[in-house]
Amino acid sequence: LCTVKGSDGVILKQMLNYLVKNLQNKDVNEFFAFPVTDTIAPGYSSIILHPMDFSTMVAKIETGEYANVMEFKKDFILMCNNAMTYNRPETIYYKEAKRLLHLGIRQLSKEKLLHLKKTQS
Ligand SMILES: CC(=O)c1cc(-c2ccccn2)c2ncccn12
């Protein structure tokens, strides 16, 4: 049961869960599924000060930390930019981040979200 006040919170959560699932499906190697550790990426935590990954984004959706889609989009772009900062352009991680970023920007474009909003209501 959601009160009238809380109803938009439920709809936003549904929308964000739909969007994050769509984006995660594009990360076929699951490079972005979990936080990058210093073990697999030497010096990562001293180079990347604001780490982000899909599991963190999913947790933030559940705990209602995103007030709107734009805040969610910011974390997605941060996640991709981190990978394009730490990894060299010739690496698979950089290339995957670049591809994911472009696919995600398209999916999160105003037109797409407007259409999604219409289909939701
Ligand atoms: C996203 C990212 O920067 C990343 C993911 C990984 C990763 C993620 C899962 C399994 C293996 N590697 C990674 N490894 C070395 C250097 C960077 N990375």
Side-chain angles (χ1 to χ4, degrees):
L1 174 80
C2 52
T3 61
V4 172
K5 190 173 72 57
S7 62
D8 55 326
V10 171
I11 295 167
L12 179 65
K13 271 192 188 177
Q14 282 170 344
M15 198 147 148
L16 295 180
N17 277 320
Y18 168 80
L19 293 170
V20 75
K21 253 178 206 57
N22 243 304
L23 295 169
Q24 279 214 265
N25 288 341
K26 299 186 171 66
D27 175 27
V28 289
N29 298 302
E30 299 199 347
F31 291 149
F32 301 91
F34 302 104
V36 181
T37 63
D38 283 339
T39 315
I40 60 167
Y44 192 85
S45 60
S46 43
I47 295 165
I48 299 299
L49 304 185
H50 301 285
M52 190 47 62
D53 68 285
F54 281 128
S55 71
T56 304
M57 292 171 72
V58 168
K60 284 178 76 169
I61 294 171
E62 280 325 301
T63 52
E65 285 177 67
Y66 294 120
N68 52 52
V69 178
M70 286 309 123
E71 288 180 6
F72 170 84
K73 186 172 171 180
K74 252 179 72 186
D75 267 356
F76 171 73
I77 293 170
L78 169 66
M79 179 182 75
C80 296
N81 282 337
N82 285 343
M84 293 167 74
T85 300
Y86 176 83
N87 302 286
R88 295 281 147 266
E90 61 277 359
T91 61
I92 178 90
Y93 305 115
Y94 183 103
K95 289 177 178 142
E96 285 287 288
K98 196 165 177 222
R99 188 179 62 83
L100 199 59
L101 180 63
H102 290 297
L103 291 172
I105 295 285
R106 258 184 54 77
Q107 178 188 297
L108 294 169
S109 68
K110 283 193 202 61
E111 303 77 26
K112 278 278 171 59
L113 291 174
L114 198 66
H115 171 72
L116 194 64
K117 222 174 162 86
K118 283 201 188 100
T119 50
Q120 288 265 338
S121 54

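Counting convention: from 1, in listed order, for ligands and their atoms alike.
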Next item on the list: Would you please test Asp53 and Thr56 for side chain to side chain donor-acceptor pair (under 3.5 Å) and show each step?
Entry: CA-CA 5 Å; Asp53 68 285; Thr56 304; 2.4 Å; yes
Item checked: Sequence neighbours excluded, every pair satisfying salt bridge (charged side-chain N to carboxylate O under 4.0 Å, His left out) that has a member inside residues 66-95 -> Lys60-Asp75
Per-pair distances, ligand 1 N/O vs protein N/O, less than 3.5 Å:
unit_1, atom_1, unit_2, atom_2, d
ligand 1, 3 (O), Asn87, ND2, 3.0
ligand 1, 12 (N), Tyr93, OH, 3.4
ligand 1, 14 (N), Tyr93, OH, 3.3

Item checked: Hydrophobic cluster identity match, Ile40 and Ile47, side-chain contacts under 4.5 Å -> yes
Item checked: Linked hydrophobic residues, Leu114 as query - side chain contacts closer than 4.5 Å -> none
Notebook entry, point to check: Can you list every ring pair (Phe, Tyr, Trp, His ring centres under 6.0 Å) pair that touches residues 72-95, not counting sequence neighbours?
Noted result: Phe31-Tyr93, Tyr44-Tyr86, Tyr66-Phe72
Next item on the list: Count the heavy atoms belonging to other residues, nucleotides or ligands that lie under 6.0 Å from NZ of Lys112, then report whether that count exceeds 12.
Entry: yes
